[in-house]
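Here is how names work: the chains are called A, B, and so on, in the same order as the sequence lines, proteins then strands, and each is numbered from 1.
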Amino acid sequence: MRHSEYFIPTHKEIPSDAEIISHQLMLRAGMIRKLTSGVYTYLPTGLKAVRKAENIIREEMNRAGAIEVLMPAVQPGELWKESGRWDYYGRELLRFKDRHNRDACLGPTHEEVITDLVRKEIHSYKQMPINFYQIQTKFRDEIRPRFGIMRGREFIMKDAYSFDTDEEAADRSYRIMYEAYTRIFNRCGLKFRAVEADTGTIGGSSSHEFMVIAKTGEDQIITCSDCDYAANVEKAEVSPVMEPREVMENGMSLMEEVVTPGIKTVSEVTSFLKISPDQLIKTLIYKADDEVIAVLIRGDHELNEHKFQSFVGAGEIELAGPDLVFEITGAPTGFAGPQGLKIKIIADQSIRGMKNFVTGGNKKDLHLKNMNIGRDFTVDRFADLRLITSTDLCPKCGGKISFGRGIEVGHIFKLGTKYSQALNALFLDEHGKEKPVIMGCYGIGVSRIVAAAIEQNHDKDGIIFPIPISPFEVTILPLRVDEKIIIDTTERIYQELLDQKIDVLLDDRAERPGIKFKDADLLGTPVRLTIGPKGLKNGEVEIKLRSEPKSFTCPINDAATIIRKKITGLYDSLK
RNA sequence: CGGGACGUGGCUCAGUCUGGUAGAGCACCGCGUUCGGGACGCGGGGGCCGGAGGUUCAAAUCCUCUCGUCCCGACCA
């Protein structure tokens, strides 16, 4: 590709409304432009990067036996009502009416559509296993789009759906996708980790997220240093801490009221009473759908809302506001306690063995000391409800855990029969018995892969693209386009590279060298060939890898061969 | 939706507090000199100051409303 006949509008200035590196660099390198909040146009180089990621995904999906289809972006509301998600999915689902006043929506995901297809077309165990995938634009009306392409409202996604006759086969499909995902992200040159994850609104029994390790990641993940356990903090189990319980009977002190004027937060209460936070119990009042529930958490812990939500099985949970708290406890927020509450009380397992602790007094400016479970109040149920902390141990092996951040680029779910039952996707097994198909679904954020790769691979000068998803493999910089020798040499090598099917950008603009170097670094093409008057005098040209600090020179006639080798080397390093 | 900030040539921003009729750098066009890390000189084009209403002799500047964008929280590939 000749730069002069192409379109790469770069900027020197950092756009003021771009916060994270990948967003800034994609704008500056001329890969994307924003149309409106969370919605972007892909310019030629941005599109090329996305297409390369798509092709890798396509190859690996096909290799894994999945079959490509393309489903509609616009979907009938009817289907969503049938699956029950029309009401449940909420505000991210962009809804509208067509001219006949029928409900419609822009597809944020395609479980409904694919299940509809399958219920119409798959009737026998002989037709399974089968896995359909598509690469398509999705629209989710995110509450807060941000970080450019990373969390847009409109984004390109690969989604796949597997259909199996029994659990065992479904597990096999899941494993095959797990392996395909591993190959895909490796081939894209990403440093990533598969972690156990929460299933969220998609539902289902188990799932893994593929996290690209990056400081700017939106998700917190924990990894064990001793075994291979890794999980999203939303999901991370906490191993039950069993305190010795026998002391409880003997060691209970007399309950005591203490006046705590205006003392509300954990840190205020603990410093006022000169106790440590693990001697205090927080009482959180939550609305879970229509029920109000009190949750007890130790002062130094945080409630994990995901665990809480799935424990109580609620569609929506919400921390109670001041009015509701007052109605339930008789006190303003900050003074709630479990004693005398007429609602269900559930508690994190860590407080099971606690004694003589502090709670709120259910009265303004009052706390209670020496509170004890059983004597002063009862807990309906204990469960693992809190966020894991750095002092917790690995739930699998008891090893040390560490915290990190990741960008979710892929997510795979075992769905079970959630959608097939709701939508009546049934088949006949070998005994002629009717059963719901067992599903799995598997997503990859295609556009997000590009952003994540940049997030992980850049320096002060710009992007350092992993070669498989770089818009170009090689950039040629002829430093003068008004000197015949330079032009001739350039054209010859350019042609040679093209003949070898190498994806090359020839910067044939009549620009000064500095501009060409800066632009080349910005766009981050892995291999750069510089052809300048100095080198040509010695019959040499200069080659530099974007990922390495130093360049080297080589004879003109060897350039194409050496470049070929370098490119092969870059691809091989990702295998 | 709650909390915060910002909208001034294509981009980055100054001017707003203290009203007096719009600037800089970069980018763009022309000519010349330059040419291995975002050159220089000369000349030039481009802005209803997000929009509407109001106050005033006079509004980018003050007031009200509105739209948009970004940042912090709940969602997710």
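Between A:Q134 and A:D159, the side chains place a donor N or O and an acceptor N or O closer than 3.5 Å (distance only, hydrogens not considered).
Residue A:R512 has its side chain nearest to B:rA39 when only B:rG37, B:rA39, B:rG25 are considered.
Applying the 3.5 Å distance criterion, the base of B:rC76 shares no donor-acceptor pair with the side chain of A:R140. Between the side chain of A:R151 and the base of B:rC75, at least one donor-acceptor pair of N or O atoms lies under 3.5 Å. If you check distances only, the side chain of A:R528 does reach the base of B:rG37 with a donor-acceptor pair under 3.5 Å.
Under the 6.0 Å cut-off for aromatic ring centres, A:Y40 and A:H23 qualify, their centroids lying closer than that.
With respect to A:E111 and A:K418, no salt bridge is recorded, no charged nitrogen being found less than 4.0 Å from a carboxylate O.
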Run the ring-ring contact (aromatic ring centres under 6.0 Å, His included) check on A:F413 and A:Y161 step by step: do they pass?
CA-CA 10 Å; A:F413 301 83; A:Y161 305 88; over 10 Å; no

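Heavy atoms of A:E209 sit nowhere under 4.0 angstrom from any nucleic acid atom. As judged by a 4.0 angstrom heavy-atom cut-off over every strand, A:N232 is placed among residues making no nucleic acid contact. As judged by a 4.0 angstrom heavy-atom cut-off over every strand, A:T36 is placed among residues touching the sugar-phosphate backbone only. Among the protein residues, A:D482 comes within range of the nucleic acid bases, having at least one heavy atom under 4.0 Å from a base atom.
Residue-nucleotide stacking is present for A:F155 and B:rA77, judged by a side-chain ring centre under 5.5 Å from the six-membered base ring centre and planes under 30° apart.
OP1 or OP2 of B:rU12 lies within a sub-4.0 Å distance of a side-chain N or O belonging to A:S16.
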